[in-house]
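Encoded as structure tokens, the structure appears first; notes follow it.
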Amino acid sequence: MSREYSLERTRNIGIIAHIDAGKTTTTERILFYTKKIHRMGEVHEGAATMDWMVQEQERGITITAAATTCFWLDHRINIIDTPGHVDFTAEVERSLRVLDGGIVIFDAVAGVEPQSETVWRQANKYNVPRICFVNKMDRVGADFWRTIQMIRDRLGANPLPIQLPIGAESDFKGFIDLIEQHAVIFLDELGTRPEPTPIPAELEEEAKRHRDALIERVAETDEELTLKYLEGEEITKDEIRAALRKATIAGTLVPVLCGSSLRNKGVQALLDAVVAYLPSPLDIPPPVGINPNTGEQVTLTVADDAPFSALAFKIVSDPFVGRLAYLRVYSGTLTKGSAVENTTKGKTERIGRLLRMHANHREDIDEIRAGDICAAVGLRNTFTGDTLCDPQHPVILESISFPEPVIEIAIEPKTRGDQDKMTIALSKLAEEDPTFQVRTDPESGQTIIRGMGELHLEVIVDRLFREFKVEANIGRPQVAYRETITREATAQGRYVRQTGGRGQYGDVWIRVEPNPGKGFEFVNAIVGGVIPKEYIKPVEVGIRETLENGIIAGYPMIDVKVTLFDGSYHEVDSSEMAFKTAGSLAIKEAARKAGPILLEPVMLVEVTTSEEFYGDIIGDLNRRRGVILGMESRGTVYVVRAHVPLAEMFGYVNDLRSLTSGRASYSMQFDHYEPVPRNIADEIIAKAAAS
Ligand SMILES: Nc1nc2c(ncn2[C@@H]2O[C@H](COP(=O)(O)OP(=O)(O)OP(=O)(O)O)[C@@H](O)[C@H]2O)c(=O)[nH]1
């Protein structure tokens with residue numbers, strides 16, 4: 001079977017944006033114009049096709065990434081939906097990892113918002129080529145040029161407008177295509193694509209100025225064009241497009257378009273730009289993996305007849321088909337019914353069905369080829385970030401990294417039956433979402449769930465109630481603190497029980513040191529066999545488990561380097577168990593001596609307000625132990641940016657509302673960890689000791 005769309009004609013893209021910038025609306029319009037759906041679902045009516053989960057419809061936000069296929073100008077475009085809310089960073093990370101290119105949507109009034117900055121930085125990390133869409137040009141206060149300036153200043157990018165808006169706010173009519181040199185004016189609200197018209201006379205001069213600038217900046221990126229430009233030769237449209245495509249893929253230029261998705265303006269041109277400027281799977285550097293048997297680097301060949309390899313980027317338990325694993329195929333061809341190797345887990349998996357996902361239906365397919373995206377049914381041991389490949393050509397691709405959760409709540413099932421249901425449900429949910437963690441408090445036996453923010457946990461609890469029918473009492477959200485140490489210390493851990501029969505004997509000496517930003521590290525420095533080899537691992541396990549449960553207040557202790565340097569054993573009485581316990585005793589003692597402290601998550605908070613509330617908001621943030629980073633005016637509103645400990649931000653929605661009579665809004669995201677001030681830390685530790 002030959003392929004329906006060549007690799008050159010394939011695009012794997014994501015639409016990334018700050019919450020409410022219009023991602024869902026734009027996706028809806030794209031699906032409409034590409035003829036996949038026939039009725040436009042408006043977000044505010046809760047009918048949007050991509051937002052299929054009940055919670056998403058109720059909250060009007062997009063939570064789960066759904067991969068959707070559509071067609072434009074004889075190209076296959078796979079769209080991976082990514083959420084705009086930072087509480088769902090895992091979704092963004094996993095999507096960026098498998099995308100080839102992205103559309104970044106901005107609200108023309110708000111411009112670059114903090115979450116756009118986060119996502120932009122994430123996209124930089126994965127070298128994702130981007131085009132920008134300045135949406136909501138019809139809104140009061142819309143400003144195309146201010147948004148472009150913010151893209152330059154805030155994101156450090158090199159934005160290049162390829163369109164010029166005609167009018168703004170309620171007068172927004174369309175745009176001038178600076179490359180084609182024509183105007184596109186949208187006459188009616190829901191029409192088909194309007195025919196281009198000549199550039200209006202009053203805009204001719206401005207259009208010429210911007211076109212000249214565009215040609216100069218595009219020419220600069222290409223040696224041949226630079227020469228032509230300097231010699232005053234004409235540069236053709238095709239040459240501009242080809243050079244701009246190269247520069248976009250290299251990330252040196254970012255084409256910027258404008259429009260209003262809600263008013264059906266500019267979305268077709270955006271699709272044209274996806275095809276013209278965003279890369280095909282062949283345009284990006286071929287993925288590199290490691291052969292798990294030899295440790296050698298393997299560079300994949302992006303072709304149908306190469307050995308098969310794919311990355312699982314999302315696991316969903318679907319009520320109808322069961323466990324779905326979304327796959328990005330990098331090389332080779334995968335057929336339904338075949339056996340593949342999960343090299344990350346070292347297990348063989350059989351592919352049941354292969355599904356191509358559309359916004360509102362799924363299509364069974366027989367095979368999936370290099371560069372494409374699909375969902376597979378029947379994989380039992382595959383999780384987000386795992387590599388699947390041809391068993392004859394083993395390879396492990398780089399996995400996906402996820403941030404640590406910052407917030408937690410206790411959850412108590414009402415009955416024994418609920419307890420059983422809850423255990424199953426939570427493990428399923430944790431399987432779908434790598435930033436969601438479940439643990440049992442070793443002292444109280446309580447179940448604690450951890451996530452990225454209040455909204456994240458709310459959505460999970462909601463699913464627990466509705467989908468899994470668990471009845472439970474939910475505690476108040478609490479900060480997920482961390483513990484760490486501040487200096488070096490050594491300690492002995494001795495576990496000896498020798499009364500009658502076979503005893504227990506484990507004895508270790510360890511040194512601990514702060515290991516900032518590098519997590520847990522274990523070094524075995526035992527020489528001369530003072531501890532036999534088989535007991536080393538149990539020591540490490542004992543230490544690791546004890547750190548997980550915390551030393552001073554029950555929070556995980558992070559960034560500790562442990563060196564095992566001495567100890568002793570007993571010919572008869574030593575056991576793995578005894579050494580594990582000795583390790584645990586040693587780390588408790590060593591960590592206590594090493595100046596242990598509590599760390600708290602500090603958030604980046606951005607409050608948008610009008611001038612009159614400015615002073616009150618700053619005063620209030622100061623009282624919350626906030627550090628004001630800056631203030632600026634954006635159009636008619638003022639924006640205050642501050643670092644504030646998460647512990648001081650609970651209930652901020654309501655406090656801000658009463659402070660400003662509902663005339664301010666804010667966004668918040670995790671920024672970094674900082675030591676908790678002494679007096680507050682003492683309280684937390686005392687409370688933990690009492691519980
Ligand atoms: N005026 C105006 N409003 C728009 C436009 N596009 C979207 N909106 C509105 O903006 C709001 C947010 O749009 P969404 O499409 O849900 O935004 P989103 O980025 O998908 O938001 P999340 O799904 O929550 O991440 C909705 O009320 C839309 O109707 C536009 O071009 N102009």
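We count residues from 1, following the sequence as given. Atoms within a ligand are numbered from 1 in the order they appear, just like the ligands themselves.
In this pair, W145 and H210 present their aromatic rings parallel. The plane angle is below 30°, not in the 30 to 60° band.
For the atom pair OG1 of T609 and CG of L659, the computed distance is 8.5 Å after rounding to the nearest 0.5 Å.
R152 and Q149 are linked by a side-chain donor-acceptor pair at a separation below 3.5 angstrom, with hydrogens and angles left out of the test. In this structure, a donor-acceptor pair under 3.5 Å is present between the side chains of S261 and T26.
For G22, a nitrogen or oxygen atom sits less than 3.5 Å from a nitrogen or oxygen atom of ligand 1, counting backbone and side chain alike. The distance criterion of under 3.5 Å between nitrogen or oxygen atoms is met by A21 with respect to ligand 1. Residue-to-ligand polar distances keep R263 apart from ligand 1: every N/O pair is separated by 3.5 Å or more. Considering both main-chain and side-chain atoms, T26 never comes within under 3.5 Å of ligand 1 through any nitrogen or oxygen pair.
Atoms of ligand 1 lying under 4.0 Å from at least one heavy atom of S261, given by number and element, are 31 (O). Below 4.0 Å from some heavy atom of L262 lie the following atoms of ligand 1, by number and element: 2 (C), 3 (N), 4 (C), 5 (C), 6 (N), 29 (O), 30 (C), 31 (O), 32 (N). Every atom of ligand 1 with a heavy atom of H18 under 4.0 Å away is listed here by number and element: 19 (O).
Atom CD of E195 has 12 or fewer heavy atoms from other residues, nucleotides or ligands within 6.0 Å.
Looking at heavy atoms from C-beta onward, L164 lies out of side-chain contact with L203 at the 4.5 angstrom threshold.
The backbone and the side chain of S260 each have at least one atom closer than 4.0 Å to an atom of ligand 1 (non-hydrogen atoms only). Both the backbone and the side chain of D20 come within contact range of ligand 1, each with a heavy atom under 4.0 Å.
For R139, the closest heavy-atom approach to ligand 1 falls below 4.0 Å.
For the side chain to side chain contact (heavy atoms under 4.5 Å, CB included) criterion with Y326, the lone passing option out of V98, I315, L311, V316 is V316.
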